Amino acid sequence: MTAILATALSTMIGEAVAQERQTAAVKAPADVRSSTPELADYTEKLLFGQVWERPGLSQRDRSVVTVAALIAGGKTAQLTGHLNRALDNGVKPGELAAIITHLAFYSGWPNAISAVTVAKDVFDKRGIARSDLVAAAGERIKLDAESEARRAASVDRAVGDVIPGLATYTNDVLFGDLWRRPDLSPRDRSLVTMSSLIATGEAAQLPFHLSRGIDNGLTRAEISETITHLAFYAGWPKAMSAVPLAKAAFETVKSTAPARKAEGEVEILRSGSQPDSVGAPENFTGKVRVGSRFQRTAPARIGGGIVTFEPGAHTAWHTHPLGQTLIVVTGAGLVQHEGGDIQTMSAGDVVWIPPGVKHWHGASASSGMSHIAIAEAQDGKSVDWLEKVTDEQYRMHHGASQPKMKP
């Protein structure tokens, strides 16, 4: 009992310390207060008293932006405090390690290696184990195949004939591997990349990554706040140089997006107004259509659509960071979580899959099935696709006589 009480007390004290780190007013260093008192006032009252508290970008994301800017700019003297602040603001140790690795490609190996020295000291003092810094092997994020093919072709046209080695590394390593690593979501990689480009004044690369960031789930408000935040950490000239590029990216999205209702009005996406898409073959077995897609913008996080499976069609194994709800509309289907039995579901059933639970779902062998799939996004990501369900796993419900499905 004494040991239990001691553990509980230790946990409470640790939580209180973390909370104090997050909520206590930031004080400028004594040297700043004594030598440049006006800068100390701006630091306390403006930078941490106002800018860090602005809506539109979470404290976690502000830490991601700040850490990225400091590493890209080689400002390691300020990094210790902001790595600690990032951890207190909910950035995971593995995400910080991934940010440093990502920035080796976007701001150079010397800046990344310099950041490693600072990060190691922070991790050691906080007792963060190496196992918390290493991503699971073999699980790569699947990017949109069509847009990646266009991007790779563009790189080959622009770079391949002149510097073929750079084109190869760009397509095979930078986008073919780094951007697909699961230790940082595509949304966060876009946030880190844009922050580093703005902080280092690399405006030529910014339009592409602004568009990519929007595609990866960053909202106009989040990008706007990122640039505002970076005015204080990279300087006004670099932030102002990013403004016309952001404006062009916003206008491009606006011109290609369907007309939206004014804020506060009810919006109806009419049946048939959006073309159905075919389920990606790497994520589904059999014929699958996805229609009536919906995705709300921040602060909402919900999205989904109506998924229709032909007989025998089903998803690959996958997880959702905040869980998923399925509402079966027609037909008969199957659902299974890892280690559990295959369960049947039929029209009218509501199925809840908890956060992080590995599972698959789809139609039965003899009947098609449609369900409404609803999931919330965490840091711009709502699903992690894993390996395919094997024929043997699917046939467990029907017996050995079930014919094989072609993917």
Side-chain angles (χ1 to χ4, degrees), residues 21-23 25-26 42-70 72 82 85-92 95-96 99 184-199 203 206-207 209-255 257 260-265 267 294-303 321-322 376-382:
R21 281 174 177 158
Q22 288 183 298
T23 59
V26 174
Y42 279 131
T43 300
E44 295 171 4
K45 298 175 183 178
L46 176 62
L47 182 57
F48 289 100
Q50 294 183 26
V51 176
W52 274 82
E53 301 300 324
R54 285 175 58 84
L57 199 64
S58 69
Q59 293 273 310
R60 173 197 177 275
D61 288 348
R62 289 187 185 276
S63 280
V64 169
V65 169
T66 306
V67 168
L70 293 176
H82 280 288
R85 186 179 182 89
L87 291 166
D88 293 338
N89 282 338
V91 184
K92 298 175 183 177
E95 291 173 329
L96 289 175
I99 289 170
L184 207 60
S185 72
R187 172 194 178 275
D188 284 350
R189 289 193 185 278
S190 285
L191 190 63
V192 169
T193 306
M194 288 190 301
S195 299
S196 67
L197 292 175
I198 295 171
L206 194 54
H209 283 288
L210 283 166
S211 296
R212 189 179 183 91
I214 293 170
D215 290 341
N216 284 337
L218 287 170
T219 67
R220 175 171 177 164
E222 288 169 335
I223 293 173
S224 173
E225 278 301 312
T226 296
I227 296 173
T228 302
H229 191 90
L230 287 170
F232 292 84
Y233 284 92
W236 245 252
K238 291 175 180 175
M240 293 297 289
S241 296
V243 171
L245 303 178
K247 180 181 179 182
F250 296 156
E251 289 176 348
T252 299
V253 170
K254 184 178 179 180
S255 66
R260 301 298 298 270
K261 295 289 185 181
E263 186 175 355
E265 290 188 19
E267 180 181 354
F294 60 91
Q295 181 67 56
R296 300 297 88 192
T297 57
R301 301 184 297 185
I302 197 167
L322 297 178
E376 288 186 286
Q378 183 177 60
D379 300 327
K381 187 178 184 182
S382 61

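Treat the numbers as computed from the prediction; the structure is a model and nothing was measured.
In this structure, the side chains of E225 and V65 stay at 4.5 Å or more apart for every pair of heavy atoms. The side-chain heavy atoms of Y42 and L47, taken from C-beta on, include no pair separated by under 4.5 Å. Counting heavy atoms from C-beta outward, T228 and V51 have side chains that stay 4.5 Å or more apart. Proximity of T226 to M194: side-chain heavy atoms (C-beta onward) are nowhere separated by under 4.5 Å.
Between L218 and I223, the shortest heavy-atom contact is CB-CG1, 4.1 Å. Nearest heavy-atom pair, H82 versus Y233, reported as atom, atom and distance to 0.1 Å: CE1-OH, 3.5 Å.
Between the CZ atom in R62 and the CG atom in L191 there is a gap of 10.5 Å [rounded to 0.5 Å]. Going from atom OG of S224 over to atom CZ of F250 covers 6.0 Å, rounded to the nearest 0.5 Å. Atom CD of residue E95 and atom CG of residue L87 lie 10.0 Å apart, to the nearest 0.5 angstrom. With rounding to the nearest 0.5 angstrom, the OG1 atom of T193 is 10.5 Å from the CG atom of D188. Taking NE2 of H209 as the reference point, atom CZ of R189 lies at 12.0 Å (rounded to 0.5 Å). Once rounded to the nearest 0.5 Å, the distance linking CD of Q50 with CZ of F232 reads 8.0 Å.
By the side-chain hydrogen bond (donor to acceptor under 3.5 Å, both in side chains) test, S190 pairs with N216, sequence neighbours left out. Residues that satisfy the salt bridge (Lys or Arg N to Asp or Glu O under 4.0 Å) test with E376, not counting sequence neighbours, are R301. Applying the side-chain hydrogen bond (donor to acceptor under 3.5 Å, both in side chains) criterion to S382, with sequence neighbours excluded, gives no partner residue. S196 pairs by the side chain to side chain contact (heavy atoms under 4.5 Å, CB included) definition with A72, L103, Y106, not counting sequence neighbours. By the side-chain hydrogen bond (donor to acceptor under 3.5 Å, both in side chains) test, T66 is found to be paired with H229, residues two or more places apart in sequence or in another chain being considered. A search for side chain to side chain contact (heavy atoms under 4.5 Å, CB included) contacts involving S63 returns W52, R85, A86, N89, V91, not counting sequence neighbours. Shown here are the side-chain hydrogen bond (donor to acceptor under 3.5 Å, both in side chains) partners of E44, two or more places apart in sequence or in another chain: R33. For the salt bridge (Lys or Arg N to Asp or Glu O under 4.0 Å) test, residues two or more places apart in sequence or in another chain that qualify with R212 are E148.
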Listed pairs under 3.5 Å, donor-acceptor, residues 235-248 side chains, sequence neighbours left out:
| from | atom 1 | to | atom 2 | distance (Å) |
| --- | --- | --- | --- | --- |
| K238 | NZ | A199 | O | 2.8 |
| S241 | OG | P237 | O | 2.8 |

